[in-house]
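Quick notes on the structure that follows.
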Amino acid sequence: MNVPLPPPMHHRSILITGTSSGIGQATAILLAKSGYTVFAGVRSPAAMDHLLALGFPNLIPIILDVNNADHIAAAHTRIEQAVGDAGLMALINNAGNGYSAPTEYTDEAKARELLDTHFWGMVNLTQQFIPLLRLYAAANSTHARIINVGSVSSISAFPFVQFYTAAKFAILGFSEALRFELDPQGIKVMVIISGAVKTRIWQRTGESAMASLHRLPQQGVELYQDNLLAAKKLSSAVEAMGLTADKAALVLKKALEAKNPGFKYFIGTDARAVHFMIRYLPERLRHWLVRRQLKFK
């Protein structure tokens, strides 16, 4: 189901993926309230109906699964028709999911789906929309933006979420390379390094870890049970201290509106603390802290 597209407002049109909940939805609402025309990618009609019920005429939900090439092509066609010669001001790649399991007991299909959603879906979508972003930069004599939502896992690895970490590391590297490529064309590329934010991904990842634990054979339970339970407990504690999605959205808005945007934008003091640890603590000490927290003997 799709809805008619009104004309973009003030030539400031933005596409955001993963707006069914969490940071994506909070950012979509914040930017719509701020006068931007927001094309909000969701995967289900129910999520579309929820956004429509909010009553913002410039918040336009579209069905967009970043793993579906037909969805990407259809979204591009509809947005291109809507923005016309004004182009697209910004693309915010936020779609993601969670999966947790010991490496030797990984469900490959679930791991591949995670990597496809976080990384390859983002890459494919970005490829499609670069021309519309370049058009905006040329038409408005200002920068267009690509904002890729990474994580503290983009700069520091954690056990049992190794595929999430791999995807987020890939986003960081891809984004930095892309920043060099597109800067001469008037397109700025940025990465959000997010710490703990109270979103559903924590619950889904925790549930995934417990589901993995229940499926382990006896040897797997003996090897990993204490660590998985400690990881689940730590995850819940970190989430409880995390920022709300509304506060996280303010950081994305700051990146969007910065006159001379930097490359990395941090969400939360925990993200900055991890960044500090990586820069200044010996690697051996940092690894010891992780092993201690997760009860690796």
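In this text the structure is predicted, and so the values were computed from the model without any measurement. Note that the numbering runs from 1 along the sequence shown for the chain.
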With rounding to the nearest 0.5 angstrom, report the [atom1] to [atom2] distance, [X] to [Y].
{"X": "Ile92", "Y": "Leu256", "atom1": "CD1", "atom2": "CG", "answer": "6.0 Å"}
{"X": "Thr27", "Y": "Asp246", "atom1": "OG1", "atom2": "CG", "answer": "9.0 Å"}
{"X": "Leu132", "Y": "Leu15", "atom1": "CG", "atom2": "CG", "answer": "10.0 Å"}
{"X": "Leu125", "Y": "Leu64", "atom1": "CG", "atom2": "CG", "answer": "6.0 Å"}
{"X": "Arg215", "Y": "Met210", "atom1": "CZ", "atom2": "CE", "answer": "11.5 Å"}
{"X": "Lys110", "Y": "Asn97", "atom1": "NZ", "atom2": "CG", "answer": "11.0 Å"}

Please name all residues satisfying side chain to side chain donor-acceptor pair (under 3.5 Å) with [X], sequence neighbours left out, ordered by chain then number.
{"X": "Ser175", "value": "Asn148"}
{"X": "Glu283", "value": "none"}
{"X": "Glu257", "value": "Tyr36, Lys253"}
{"X": "Asp183", "value": "Lys188"}

For residues [X] and [Y], report the shortest heavy-atom separation together with the two atoms involved.
{"X": "Leu59", "Y": "Ile29", "value": "CD2-CG1, 4.4 Å"}
{"X": "Gln162", "Y": "Ala101", "value": "NE2-O, 3.1 Å"}
{"X": "Gly96", "Y": "Thr117", "value": "CA-CG2, 3.8 Å"}
{"X": "Tyr99", "Y": "Leu114", "value": "N-CD1, 3.5 Å"}
{"X": "Ala26", "Y": "Ala245", "value": "CB-O, 3.5 Å"}
{"X": "Ala271", "Y": "Gly195", "value": "CB-N, 3.6 Å"}

Mind checking whether [X] and [Y] sit in one hydrophobic cluster, side chains of I, L, V, M, F, W, Y counted as touching below 4.5 Å?
{"X": "Tyr265", "Y": "Leu250", "answer": "no"}
{"X": "Leu281", "Y": "Ile278", "answer": "no"}
{"X": "Val42", "Y": "Leu54", "answer": "yes"}
{"X": "Leu294", "Y": "Met277", "answer": "no"}
{"X": "Leu30", "Y": "Ile60", "answer": "no"}

Geometric class of the Phe266/His275 ring pair [parallel <30°, tilted 30-60°, perpendicular >60°]: tilted
For Arg112, all residues meeting salt bridge (Lys or Arg N to Asp or Glu O under 4.0 Å), sequence neighbours excluded: Glu108
Qualifying residues under salt bridge (Lys or Arg N to Asp or Glu O under 4.0 Å), relative to Asp107, sequence neighbours excluded: none
From CA spacing to verdict: side-chain contact (heavy atoms from CB on, under 4.5 Å), Leu88, Ile79: CA-CA 8 Å; Leu88 184 69; Ile79 292 172; 4.2 Å; yes
Considering residues at least two apart in sequence or located in another chain, which fulfil the ring-ring contact (aromatic ring centres under 6.0 Å, His included) criterion with [X]?
{"X": "Phe163", "result": "none"}
{"X": "Phe158", "result": "none"}
{"X": "Phe276", "result": "Tyr280"}
{"X": "Phe169", "result": "none"}

Just wondering, do [Y] and [X] contact through their side chains at under 4.5 Å, heavy atoms?
{"X": "Leu223", "Y": "Glu104", "result": "yes"}
{"X": "Pro102", "Y": "Leu228", "result": "yes"}
{"X": "Thr19", "Y": "Pro61", "result": "no"}
{"X": "Ser13", "Y": "Met89", "result": "no"}
{"X": "Leu52", "Y": "Met48", "result": "yes"}
{"X": "Leu133", "Y": "Ile146", "result": "yes"}
{"X": "Asn227", "Y": "Phe296", "result": "yes"}
{"X": "Ile16", "Y": "Val38", "result": "yes"}

Side chain of [X], backbone of [Y]: donor and acceptor closer than 3.5 Å?
{"X": "Arg179", "Y": "Val189", "value": "yes"}
{"X": "Asn140", "Y": "Thr142", "value": "no"}
{"X": "Asp270", "Y": "Ala196", "value": "yes"}
{"X": "Gln293", "Y": "Ala230", "value": "no"}
{"X": "Thr17", "Y": "Asn94", "value": "yes"}
{"X": "Thr165", "Y": "Val161", "value": "yes"}
{"X": "Arg134", "Y": "Gln185", "value": "no"}
{"X": "Ser151", "Y": "Ser154", "value": "no"}
{"X": "Thr106", "Y": "Thr103", "value": "yes"}

Gln219, CD: over 12 other non-hydrogen atoms inside 6.0 angstrom: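 Result for CD/Gln219: open.
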Val197/Thr244 under side-chain contact (heavy atoms from CB on, under 4.5 Å): CA gap, chis, key distance, verdict: CA-CA 6 Å; Val197 179; Thr244 64; over 6 Å; no
side-chain contact (heavy atoms from CB on, under 4.5 Å) evaluation trace for Thr37 with Ile14: CA-CA 6 Å; Thr37 295; Ile14 298 163; over 6 Å; no
Inter- and intrachain pairs under ring pair (Phe, Tyr, Trp, His ring centres under 6.0 Å), touching residues 171-197, at least two apart: Phe119-Phe174
Pairs flagged by ring pair (Phe, Tyr, Trp, His ring centres under 6.0 Å) wherever residues 44-79 is involved - sequence neighbours left out: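 Ring pair (Phe, Tyr, Trp, His ring centres under 6.0 Å) check on residues 44-79 returns His76-Phe129.
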Stepwise side-chain contact (heavy atoms from CB on, under 4.5 Å) test for Gln225 and Leu229: CA-CA 6 Å; Gln225 176 175 260; Leu229 292 174; 3.8 Å; yes
Any side-chain donor near an acceptor of the partner, Ser20 and Gln25, under 3.5 Å: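 No pair is found: no donor N or O on one side chain lies under 3.5 Å from an acceptor on the other.
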Ile267: which of Ile193, Val152, Val149, Ile192 passes side-chain contact (heavy atoms from CB on, under 4.5 Å): Ile192
